[in-house]
Student: 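Before anything else, here's the structure in question.
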Amino acid sequence: EAGVAQSPRYKIIEKRQSVAFWCNPISGHATLYWYQQILGQGPKLLIQFQNNGVVDDSQLPKDRFSAERLKGVDSTLKIQPAKLEDSAVYLCASSHGTSGIYTGELFFGEGSRLTVL
Amino acid sequence: AQKITQTQPGMFVQEKEAVTLDCTYDTSDQSYGLFWYKQPSSGEMIFLIYQGSYDEQNATEGRYSLNFQKARKSANLVISASQLGDSAMYFCAMRLLDDKIIFGKGTRLHILP
């Protein structure tokens, strides 16, 4: 079974530029998450999708961040314009959810490392 | 407030010793789940162990066990017979209603030879 795919792995941009990250979850996983992990800190939930609907985006800085999950499969996270403090690893994760035997365990991609200069 | 607290920023442990990583949580949800993940320097997130709020037995997975004390709202990870490869960041996480999952700040574990 293929894992969670993310791209690009690395991105360097100047402040005020825009960037987009892509995530393809594990096939059949209805729930998709985007986390921001600043160096030395724990992952911070930015947005959670259930199929193509948003479940939680309370910590997404909506003035500059946007995310979509068209057709309930892959997802894109965009930052425009980027700030220095957006430098972080952006982790995408997917899950079966908690129906039936599933615990809601997250399966993570390798992450996209963003550096804003 | 829904929160995960890991109070140990870093720990140093001698190889082959047991180690306990602390995690306390706060939620008003009756049904929730607790996870531990390991993040080596390579950056990947590795699932270690899960405990459901209604599970009566403490979870175990090989050398990992979860010391779940519901009344104290704690879910400490115990690693028995530590190995050099256990050196990594360890995150405690909580699954809430609607499957929202939040993480603690982590504990960096160093295993000394």
Side-chain angles (χ1 to χ4, degrees), chain A residues 1 3-6 8-10 23 25-26 29-51 53-60 88-115, chain B residues 1-10 21 23-25 27 29-55 59 61 64 66 68 75 88-109:
Chain A
E1 180 181 67
V4 176
Q6 287 190 249
R9 290 292 313 279
Y10 305 93
C23 172
I26 292 173
H29 281 192
T31 312
L32 185 148
Y33 307 78
W34 283 102
Y35 288 89
Q36 179 193 58
Q37 187 176 23
I38 292 172
L39 187 63
Q41 298 183 18
K44 172 188 168 185
L45 178 64
L46 293 177
I47 190 165
Q48 176 192 346
F49 292 96
Q50 177 79 16
N51 296 310
V54 175
V55 176
D56 188 293
D57 64 356
S58 57
Q59 296 202 84
L60 186 74
V89 175
Y90 291 86
L91 293 166
C92 179
S94 69
S95 167
H96 272 292
T98 50
S99 60
I101 62 170
Y102 300 113
T103 64
E105 175 192 342
L106 294 177
F107 294 80
F108 284 88
E110 293 181 301
S112 294
R113 182 178 297 276
L114 174 66
T115 302
Chain B
Q2 298 173 353
K3 190 178 179 182
I4 290 278
T5 302
Q6 294 181 255
T7 57
Q8 306 153 310
L21 304 181
C23 172
T24 58
Y25 60 91
T27 180
D29 292 353
Q30 293 300 305
S31 177
Y32 52 90
L34 296 153
F35 302 88
W36 277 92
Y37 282 86
K38 172 184 178 181
Q39 189 176 46
S41 55
S42 57
E44 62 193 300
M45 291 287 275
I46 302 168
F47 165 76
L48 295 178
I49 198 166
Y50 168 80
Q51 179 87 38
S53 59
Y54 292 117
D55 294 341
E61 290 284 350
Y64 304 108
L66 199 152
F68 181 47
M89 280 289 284
Y90 288 80
F91 295 101
C92 181
M94 178 166 60
R95 188 202 71 239
L96 301 161
L97 290 177
D98 291 333
D99 294 341
K100 177 178 179 178
I101 299 180
I102 60 172
F103 284 77
K105 293 184 177 180
T107 295
R108 183 169 294 281
L109 177 63

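So that the names make sense, note that chain A is the first sequence line, chain B the second, and so on, each numbered from 1.
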Student: At a heavy-atom separation under 4.5 Å, does Q6(B) approach chain A through its side chain, its backbone, both, or neither?
Tutor: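 No part of Q6(B) comes within 4.5 Å of chain A.
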
Student: Would V54(A) and F49(A) count as a side chain to side chain contact (heavy atoms under 4.5 Å, CB included) if you check the C-alpha gap in whole Å, the side-chain angles of each, and the deciding distance to 0.1 Å?
Tutor: CA-CA 5 Å; V54(A) 175; F49(A) 292 96; 3.7 Å; yes

Student: Please verify the inter-ring angle class for F68(B) with Y32(B); under 30° counts as parallel, over 60° as perpendicular, anything in between as tilted.
Tutor: perpendicular

Student: Select, from I4(B), I102(B), I46(B), I101(B), the one with the greatest count of heavy-atom pairs under 4.5 Å involving chain A.
Tutor: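 Looking at each option in turn, the highest pair count goes to I101(B).
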
Student: Highest number of heavy-atom pairs under 4.5 Å with chain A: which of M89(B), E44(B), R108(B), R95(B)?
Tutor: R95(B)

Student: Return the orientation label for the Y37(B) and F103(B) ring planes: parallel under 30°, perpendicular over 60°, tilted otherwise.
Tutor: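 Rings of Y37(B) and F103(B): tilted, as their planes differ by 30° to 60°.
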
Student: Relative to chain B, which segment of E105(A) carries a heavy atom at a distance below 4.5 Å: side chain, backbone, both, or neither?
Tutor: both

Student: Would you check if there is a donor-acceptor pair between the side chains of T98(A) and D99(B) at a distance under 3.5 Å?
Tutor: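 Present: a donor and an acceptor within the cut-off.
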
